[in-house]
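Below is one structure; the comments refer to it alone.
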Amino acid sequence: MVKILVDADSCPVKNLITEIANLRQVEVWLVASLAHASPAQPFPFLRQVQVDSFPQAVDLYVANHTNPGDIVITGDFGLAAVVLARRGIPVSPRGLIYHARNIDAMLEQRHMAGRLRRGGCRVKGPRAISKTDRQRLFRVLLCLLDNSQGVKGQEP
C-alpha cells in the first residue's frame with residue numbers, strides 16, 4: 001500500500017496533505033525532529049514520527065522508510081534525489097514532481113546558492129506558498145493517489 005511521507009520540519013502544507021490523505025484513506029507519516037514536533041491531529045491514517053534533532057535526521061528516516069511508489073513531500077532537493085533512487089515519487093510542497101529530468105539542475109542550483117552564501121553573498125529563499133501552489137499540490141496528490149490505487153485496486 002502506498003503511503004505519503006512528509007519532511008515535516010519545514011512543510012507549510014501539512015494540513016492540506018492530511019486532508020487529501022483522509023479523502024483517499026492513505027497513510028501519512030509526518031516525520032519531524034524533536035525541535036519541530038507538532039501536536040497530534042485527529043486523523044485515523046496519521047502517523048507522527050519524531051527523530052533526533054541532529055542535521056539530516058529527518059531526511060535519513062524518510063529515505064530509509066521510502067518504498068517504491070511511496071509519495072514523499074519535501075522541499076529538499078537532496079532528499080528528492082534519494083527518493084528517486086529508491087523509486088519513490090518526490091513532490092515539492094508546491095506540487096512540482098521531481099524526476100530524473102529536473103533533479104540534476106535543482107541540485108546544481110542548490111550547490112551554487114550554497115557557494116554564494118559561503119562567499120558572503122545573500123541569497124533569497126523561496127517565496128511563500130501561494131493559493132495556486134496549494135491548488136497544484138492538491139491536484140497532483142489526488143492524481144498520484146488515484147493512479148496508484150487504480151493500478152493496485154483495479155477490478156478484473
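Computed from a predicted model, the values in this text were never measured in an experiment.
Remark: the backbone N or O of Gly95 is not paired with any side-chain donor or acceptor of Arg136 at under 3.5 angstrom. Looking only at distances, a side-chain donor or acceptor of Asp9 sits under 3.5 Å from a matching main-chain atom of Ser33. Side-chain N or O atoms of Lys14 include one that pairs as donor or acceptor with a backbone N or O of Ala8 at under 3.5 Å. For Tyr98 (side chain) and Thr74 (main-chain N/O), a donor-acceptor pair under 3.5 Å exists by modelled atom type.
Following chains of ILVMFWY side-chain contacts shorter than 4.5 Å, one cannot reach Val91 starting from Val82, and the two form parts of different hydrophobic clusters.
Not a single side chain to side chain donor-acceptor pair (under 3.5 Å) links Arg47 to another residue, sequence neighbours left out. A search for side chain to side chain donor-acceptor pair (under 3.5 Å) contacts involving Asp59 returns nothing, not counting sequence neighbours.
Taking all atoms of both residues into account, the shortest heavy-atom contact from Val62 to Val72 is CG1-CG1, 3.6 Å. The two residues Arg86 and Asn64 make their nearest non-hydrogen contact at NH2-O, 3.9 Å. When every heavy atom of Gly69 is checked against every heavy atom of Val2, the shortest pair comes out as O-CG1, 3.4 Å. Looking at every heavy atom in both residues, Asp70 comes nearest to Met1 through OD1-O, 4.2 Å.
Below 30°, between 30° and 60°, or above 60°: for Trp29 and His65 the angle between ring planes is between 30° and 60°, a tilted geometry.
Within the 4.5 Å cutoff, side-chain heavy atoms of Cys11 are placed close to those of Ile17.
Residues Asp133 and Ser130 have side chains that bring a donor and an acceptor to within less than 3.5 angstrom of each other.
Here the CG atom belonging to Leu5 is positioned 11.5 Å from the CD1 atom belonging to Ile89, to the nearest 0.5 angstrom.
Side-chain heavy-atom separations under 4.5 angstrom define the hydrophobic clusters, and the remaining members of the one that includes Leu60 are Phe54.
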